[in-house]
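Structure record follows, encoded as structure tokens.
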Amino acid sequence: MNQMRISRLMKLSLIVLLMYMLMIPASTNYVQSAQNYQWNNIPIGGGGYVTGVVIHPTEPDLVYARTDVGGAYRLDVTSGDWIPLLDHFGDEDSNLYGVDGIALDQQNPNVVYIAAGKYGNVGPSDILKSTDRGETWIRTGLNLRNESNGNIHRAMGESIAVNPTNSNYLHVGTRYDGLYTSSDGAATWSKVWDVPSGLSGEGIRSVAYGLNPVTKQGQVVYAGVRGIGVYSKAPRSNGQTTWQLTGRSPEYPARMTVAKNGTLYVTTDNQGVYKFNGVQWTNITPSSSYSSYYGITIDPNNDNHILAAVRTGGDNLPLYRSVNGGQSWTTVSKTLVSKPSWWTPNMFFSATSSIKFDPHNPGTVYATDWFGVYKTENINGTNGLTGNTASTWEAITDGHEEVVALTASTPPQGVSFFSGLTDQVGFRHENVTDVPLNKIPLAGMREIVSIDYHEANPNYMIFLGSSDWYGTTTRLFVSSNNGVTVTPMNVPVGSKLGRVAYSAINPNVIVYYPQTGNPVRSTNRGATWQNMNGAPFQAIGGNMVFAYNHPLAADRINGYKFYMYAAGYLYRSTDAGANWSKANAVRLPINTDINTSFIKVEAAPGVANNVWVSLGTDGLYASTNSGNTFSKIPGVQNSKLFAFGKAKSGKLVPAVYVYGTVNNVNGFFRSDDMGATWNNIGPLGNGIGLGNEPQIMAADRQIYGQLYVGTNGRGMYVGSIE
């Protein structure tokens with residue numbers, strides 16, 4: 001018996017030693033050759049702001065759309081899918097995924113221009129030019145601040161226009177720096193000093209060419225200057241062609257379009273709708289109930305047939321029609337007959353940004369709004385059907401993946417992937433190849449900022465929801481059936497946003513760290529809350545949903561143990577959150593730059609006392625003693641995102657994933673031996689859109705090698721071994 005006991009102890013010791021060796025990375029860390037991985041967008045079906053649609057005037061079926069954070073798309077009219085056009089840009093060019101304006105060359109249907117730049121306070125921005133319908137792009141060097149995600153002015157435009165009779169000439173309005181022009185197809189640029197810059201940050205949001213309305217010959221170019229009015233460049237009475245402000249023009253032009261007869265139509269965000277015949281302006285606002293109109297379009301077969309769309313005031317906003325050049329208006333009856341099943345009734349003509357007649361298909365009109373692109377082929381109504389004269393619209397969503405990810409969770413049983421998103425709440429993805437049928441049913445919420453599961457029984461789950469970006473109403477939702485149904489629970493008064501963690505063995509214990517408010521715990525599944533002793537305050541950071549630190553984690557084995565990182569220390573509780581204390585005596589690196597500090601704490605599933613801390617540009621740190629001491633994972637220079645996933649067959653430790661820099665190589669990596677060696681599984685810049693600010697990453701606990709990545713505007717991706 002003693003020999004048998006000794007033999008068992010020796011075997012156990014060998015197993016423990018093997019596990020320990022696997023958990024501590026060797027000093028000879030290296031990146032192996034790239035493994036074949038298949039990356040695909042996880043289909044959602046729309047849901048992001050499409051700020052403009054343009055249609056080529058002479059080439060049929062050539063339709064483009066621009067978005068505030070998700071790049072530009074071209075419509076494949078055969079399949080009905082949107083083709084993303086900027087997905088080849090890598091992380092260093094992520095700002096180019098925002099599109100502030102778009103223009104087509106009437107003489108050459110292969111040429112398209114976009115004003116690229118998501119944020120004005122970071123770079124790069126530029127005017128991009130394509131000569132192959134968006135398949136490839138060149139930078140033209142006009143690196144001035146665009147701001148496609150900048151407030152309501154993002155849906156104005158278009159800020160670029162190409163001379164319809166001479167492709168070499170084009171004009172570009174900027175947000176901060178005035179009007180620029182090129183006479184050589186964007187090879188070089190010069191500033192138009194005669195036109196002012198307008199309000200800072202709004203600038204010149206609309207530029208348009210058109211027939212001279214007075215002489216009925218020659219071209220006039222217009223620039224809508226925010227805060228001042230509409231400037232025009234045309235031949236003057238002195239024989240010179242100069243820029244000047246058109247008298248009594250609306251001061252806040254939003255969008256402009258020119259009829260074939262030369263009449264200019266202008267919408268504004270606060271003054272209604274106007275038209276200009278080259279001599280005088282006329283207010284033709286469709287309804288005094290609204291002052292904000294953006295989209296306006298003229299029937300290419302009838303100069304008097306005009307559509308104008310209301311921009312603000314709710315959803316299902318009015319679309320007005322005039323058949324007499326704006327002298328009188330009627331409301332267009334419209335109904336949405338085709339859309340993803342999860343779409344809610346408010347997702348139609350909401351914050352309508354643009355409206356456009358298809359010049360090649362009479363009766364066909366495109367519209368864009370906060371959630372997608374819509375198309376009708378019967379703008380005049382069906383009429384032939386008794387009692388039904390409404391125009392019928394379909395949402396064109398296939399390929400339009402623009403949601404912004406906030407969080408994700410991958411339970412070890414049940415549905416393997418849950419997403420939390422801005423504006424669209426989030427989804428229980430029964431598979432990642434089909435559009436979800438329903439949102440996670442968080443009543444009254446628009447965002448999910450944190451999700452966790454009960455390790456012992458993942459039917460028990462928790463979701464932290466918010467009514468808006470600021471957490472005005474923040475609420476916890478609990479589920480006992482893997483997120484199929486949920487029950488709302490109140491959080492303490494004053495608590496906003498934040499992160500939640502669920503005990504591994506006790507389905508009643510929940511820890512909640514708000515972004516605003518005191519950290520608390522519940523021992524009755526969210527019915528009541530208690531303050532926690534020694535817990536660090538304000539450790540999440542920020543006051544909006546756009547905070548991507550995830551410093552809170554539950555241990556995946558010990559249901560009484562929780563971890564929280566703050567300012568270089570891993571705080572630990574071993575009594576279900578009642579009391580907390582610093583675990584590590586030696587402080588970890590501190591990075592106060594929110595642009596490079598991406599903090600995530602995660603406990604290794606199935607490995608006792610093993611917890612890792614990811615610190616962005618300061619690297620990745622592992623502990624095998626619940627945070628008492630840490631070892632830096634060698635070779636990982638930047639761990640922007642990291643996650644644990646299902647172990648490789650035959651391995652005793654989970655797979656580890658990193659998005660960042662490993663041994664001076666940028667990309668996505670997987671390690672099957674706790675960081676001793678790495679596989680490069682998804683380098684950036686390969687045409688799949690992963691360069692658009694990856695900010696959420698979760699690894700599948702049920703499928704080895706499967707990884708989920710959420711971006712800042714190109715939706716979510718799944719990567720798996722081919």
Side-chain angles (χ1 to χ4, degrees), residues 22-23 25 32 34-42 405-420 426-429 431-432 450-453 455 458 461 501-502 504 548 550 552-557 598-607 610-614 620 622 633 636 639-660 662 667-683 688 690 694-711 715-722:
L22 288 171
M23 289 185 291
Q32 295 179 345
Q35 185 172 4
N36 289 332
Y37 252 67
Q38 178 68 42
W39 288 91
N40 293 297
N41 255 139
I42 297 173
L406 295 176
T407 191
S409 188
T410 53
Q413 299 172 31
V415 167
S416 61
F417 177 56
F418 289 79
S419 61
F427 297 94
R428 180 180 186 266
H429 298 263
N431 62 66
V432 292
S450 189
I451 308 171
D452 203 9
Y453 52 85
E455 181 78 20
M461 297 191 68
Y502 211 159
Y548 298 105
H550 290 261
L552 174 65
D555 193 272
R556 292 303 182 192
I557 296 176
F598 296 89
I599 298 166
K600 185 180 182 183
V601 176
E602 190 166 344
V607 186
N610 196 287
V611 60
W612 290 31
V613 179
S614 178
L620 183 61
I633 303 298
V636 180
S639 178
K640 183 174 180 180
L641 303 174
F642 115 96
F644 286 116
K646 181 178 175 64
K648 185 177 182 179
S649 178
K651 293 287 186 179
L652 300 175
V653 292
V656 184
Y657 299 83
V658 165
Y659 162 63
V662 177
F668 290 86
F669 305 89
R670 189 195 70 240
S671 174
D672 298 321
D673 50 19
M674 299 299 262
T677 60
W678 295 91
N679 287 286
N680 186 335
I681 63 172
I688 57 174
L690 281 172
Q695 55 204 26
I696 294 297
M697 189 168 75
D700 202 300
R701 292 280 310 276
Q702 303 177 43
I703 303 173
Y704 165 69
Q706 190 142 302
L707 183 66
Y708 307 102
V709 178
T711 70
M716 296 176 292
Y717 287 83
V718 55
S720 55
I721 300 172
E722 286 187 324

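Position 1 is the first residue of the sequence, and the numbers go up from there. For clarity, every value in this text was computed on a predicted model and none was experimentally measured.
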Taking the side chain as every heavy atom from C-beta outward, state whether Phe417 and Ser409 have any pair of such atoms under 4.5 Å apart. no

Residues Gly705 and Ile721: closest non-hydrogen pair is CA-CD1, 4.1 Å

Which of Trp678, Trp39, Phe642, Tyr717 passes ring pair (Phe, Tyr, Trp, His ring centres under 6.0 Å) with Phe668? It is Trp39

Does some side-chain heavy atom of Leu707 sit less than 4.5 Å from a side-chain heavy atom of Met697? yes

All heavy atoms of Gln702 vs all of Pro412, minimum pair found to be CG-O, 3.2 Å

Quiz item: Just wondering, do Val656 and Met674 contact through their side chains at under 4.5 Å, heavy atoms?
Solution: yes

In this structure, NE2 of His550 is separated from OG of Ser614 (nearest 0.5 Å) by 11.5 Å

What one should report as the nearest heavy-atom pair of Gly645 and Pro654 is O-CB, 3.2 Å

Closest non-hydrogen contact found for Ala699 with Thr410 is O-OG1, 2.7 Å

> Within 45 degrees of the axis of the six-membered ring of Tyr659 and under 6.0 Å from its centre: does Lys640 put its NZ or CZ there?
Replying inline: no

Trace of the side chain to side chain contact (heavy atoms under 4.5 Å, CB included) decision for Tyr37 with Gln706: CA-CA 9 Å; Tyr37 252 67; Gln706 190 142 302; over 6 Å; no

Heavy-atom check, side chain of Leu690 versus side chain of Val709, under 4.5 Å
yes

Nearest heavy-atom approach of Tyr502 to Tyr453 is CB-O, 3.5 Å

If you measure from the Lys or Arg side-chain nitrogens to the Asp or Glu carboxylate oxygens, is any gap between Lys646 and Asp672 under 4.0 Å?
no

Contacts of Asp700 meeting side chain to side chain donor-acceptor pair (under 3.5 Å) (sequence neighbours excluded), chain-then-number -> Ser416, Tyr708

A side-chain contact here means heavy atoms from C-beta on lying under 4.5 Å apart; do Leu641 and Pro694 qualify? yes

Would you indicate whether the side-chain heavy atoms of Leu620 and Trp612 approach each other to under 4.5 Å?
-> yes

Correct closest heavy-atom pair for Leu652 and Val607 would be O-CG2, 4.2 Å

Does Ser419 reach the side chain of Met716, with side-chain heavy atoms less than 4.5 Å apart? yes

I'd like to know whether Met461 forms a side chain to side chain contact (heavy atoms under 4.5 Å, CB included) with Ile451, so could you lay out the CA-CA distance, the side-chain angles of the two residues, the decisive distance to 0.1 Å, and finally the verdict. CA-CA 7 Å; Met461 297 191 68; Ile451 308 171; 3.9 Å; yes

